[in-house]
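A short worksheet on the structure shown next.
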Amino acid sequence: MKRNEIESNTKISIIPEPVKIISEKGIFTFNKKTVILTDLKLKEIAELLKQLLAQATGLNLDIEYLVHIEEKDNAVTLRITDNVKSLKHEGYNLKISQNGIGISALTPTGIFYGIQTLRHLFPPEMESLSQEKLEWSIPCAIIEDFPRFPWRGFMLDEARHFFGKGVVKKILDLMAFLKLNIFHWHLTDDQGWRIEIKKYPLLTEIGSKRKGTYLTRRTKKLDGIPITGFYYQEDLRDIITYANERFISIIPEIDVPGHTTAALASYPELSCTGGPFDVSPNFGIHQDVFCVGKEKTYDFVQDIFDEVMKIFPFEIIHAGGDEVPKRRWKKCIDCQKRIQKEGLETEENLQTYFTNRIVDYLISYNHRLMGWNEILDENLAKNAICQYWTHNFDKVLEHLRMGRNVVMSEMSALYLNYPYNLLPLRKTYMYDPIPNELEQKFYNQILGLEACLWTEYIPNKKRLEWHTFPRLIAVAEIGWTLKIKIDFQSFLKRLDYFLKRLDFHEINYASKDDFEKEDIKS
Ligand code: ACM
Ligand code: ZN
């Protein structure tokens with residue numbers, strides 16, 4: 001190809017949209033002689049870049065490690081420097097000239113995000129893993145960038161259906177590409193327990209297996225499709241390393257004291273009634289929850305969090321707390337005794353008592369609890385983080401004003417399990433995690449946003465991808481891009497180009513036809 005033909009094939013189409021792009025004349029061409037220039041602090045990232053380019057382009061670039069980095073022709077220079085302090089922890093500066101490429105940032109995270117932006121400047125064919133072409137060109141530009149929110153997450157429910165390591169790693173790859181940085185892993189629920197706990201082997205021996213799922217709740221007929229699977233601790237460590245290499249923190253969720261039927265099927269003595277229970281074949285709210293009157297429930301929960309904290313290095317652990325019916329507690333001698341002994345007034349207070357005990361336990365190991373917004377209460381420990389999904393938004397506002405941190409997962413915008421006719425792409429894209437009612441001085445209390453994929457009705461990878469993409473791409477943009485640059489038409493154009501990249505990854509995203517048609521309908 002002639003140089004000017006190549007030039008017309010290069011374009012700037014980045015998701016999430018950066019803070020500032022100055023488009024310059026010309027192109028930079030990678031060839032066999034291009035080198036990666038950096039210092040040893042960035043060894044892993046330099047190797048990741050090398051690997052990325054090698055896989056995609058067939059170019060096997062040399063890496064040169066220098067103590068004092070000086071820019072050189074035909075090089076990609078990666079540099080940590082205080083000069084870009086204003087771009088903060090995750091920001092970066094990316095300069096592409098005809099002579100070379102420079103990425104500078106205050107931290108390795110920033111450098112990593114600069115590299116992700118660089119990937120978006122290659123033509124989509126770069127994502128194909130079988131390229132023979134040895135010259136690749138990208139447009140010249142100067143890009144300055146940093147995120148709007150520090151928390152840009154995606155939650156996957158593997159309790160209702162189990163997808164496994166390969167699917168999770170692919171999601172992590174795409175999250176990194178889109179600068180999403182939190183993977184929230186919903187690992188336990190009524191329908192399955194998916195994490196090995198060495199002290200309580202029955203949790204996986206019994207709790208990870210359900211015979212099937214009710215075809216309808218009324219007839220209670222099983223579909224005959226057993227759902228099984230769990231992660232050994234070794235698998236989890238492997239996935240955590242994979243995520244860390246991509247600057248993604250994993251936050252595990254052990255949902256307690258409700259949504260615990262799989263645990264109760266394994267250890268029925270932790271319930272108020274004694275059971276017995278089956279790993280649940282149906283969805284919705286279950287009346288049997290942990291008995292929080294008995295001290296042995298606290299021992300059990302602490303033992304589990306002990307193992308969880310040893311596996312997951314991230315300082316925040318999710319303890320669920322959503323949808324906890326109080327019917328059993330009202331009739332349970334142990335629960336009622338606990339209410340009396342602790343001077344509590346209601347069963348709601350009892351849930352707060354239970355949550356605070358976990359908070360205290362986690363704090364003693366320098367960890368922080370996160371829970372769904374049902375945990376909110378005036379007596380809830382101050383450092384517990386609230387994940388908002390539905391109802392009682394006024395209470396969330398009240399807590400924000402009292403200094404609590406909140407992550408927004410507003411169900412009507414960020415629950416990707418809804419079909420597109422109920423939750424069109426536009427609605428997700430136009431969602432602002434900062435509510436109108438909130439005074440500016442509290443904005444920083446909102447850490448960011450998280451899209452959730454509940455998988456009751458998502459039995460396989462194909463369906464998972466259809467629900468997730470392209471809506472997660474919109475979530476990545478609203479989590480990163482400044483509000484003044486949020487523009488749905490611009491996003492759609494860039495999305496079109498990005499979806500070509502996903503074609504090379506064979507992702508079963510919802511087609512434009514699907515989401516646009518349904519967008520009009522809604
Ligand atoms: C939830 O959707 N139950 C948090
Ligand atoms: Zn009880």
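Along the sequence shown, residues carry numbers from 1. One-based numbering, in listed order, for ligands and for the atoms of each. In what follows, every heavy atom counts, from backbone to side chain, and hydrogens, waters and symmetry copies are set aside.
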With salt bridge (charged side-chain N to carboxylate O under 4.0 Å, His left out) as the test, would you mind laying out the steps for E456 and R160 before giving the verdict?
-> CA-CA 5 Å; E456 286 95 329; R160 274 56 177 268; 3.4 Å; yes
Y420 vs F515 aromatic rings, parallel, tilted or perpendicular, using cut-offs 30° and 60°?
->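 Geometry flag for F515 against Y420: tilted rings.
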Give a yes/no verdict on a cation-pi contact between R357 and Y298, requiring under 6.0 Å between NZ or CZ and the six-membered ring centre and an angle within 45° of the axis.
->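 Output yes; distance and angle both within limits.
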Could R246 and Y242 be counted as a cation-pi pair, given that NZ or CZ must be under 6.0 Å from the ring centre and within 45° of the axis?
->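 Yes, cation above the ring, under 6.0 Å and within 45°.
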Below 2.8 Å of the Zn ion (ligand 2), tally up the protein N/O/S atoms for me.
->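 Step by step: take the Zn ion (ligand 2), keep protein N, O, S below 2.8 Å, and you get 4.
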Taking the six-membered ring for Trp, is the centroid-to-centroid distance between W372 and Y388 below 6.0 Å?
->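 Ring centroids of W372 and Y388 are no less than 6.0 Å from each other.
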Indicate yes or no for a side-chain donor-acceptor contact from Q302 to the backbone of Y361 under 3.5 Å, with no hydrogens or angles considered.
->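 Such a contact is absent between Q302 side chain and Y361 backbone.
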Could you tell me whether R338 and E295 make a salt bridge, using a distance below 4.0 angstrom between a side-chain N and a carboxylate O?
->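 Salt bridge present between R338 and E295.
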With hydrogens left out, which residues have an atom under 4.0 Å from ligand 1, given that only heavy atoms count?
->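 If the criterion is a heavy atom under 4.0 Å, then ligand 1 touches D322, E323, W372, W389, Y415, W454.
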Could you please spell out the steps behind the side-chain hydrogen bond (donor to acceptor under 3.5 Å, both in side chains) verdict for S280 and H286?
-> CA-CA 9 Å; S280 181; H286 290 54; 2.6 Å; yes
What do the steps show when you test S266 against Y200 for side-chain hydrogen bond (donor to acceptor under 3.5 Å, both in side chains), and what is the final call?
-> CA-CA 9 Å; S266 318; Y200 300 106; over 6 Å; no
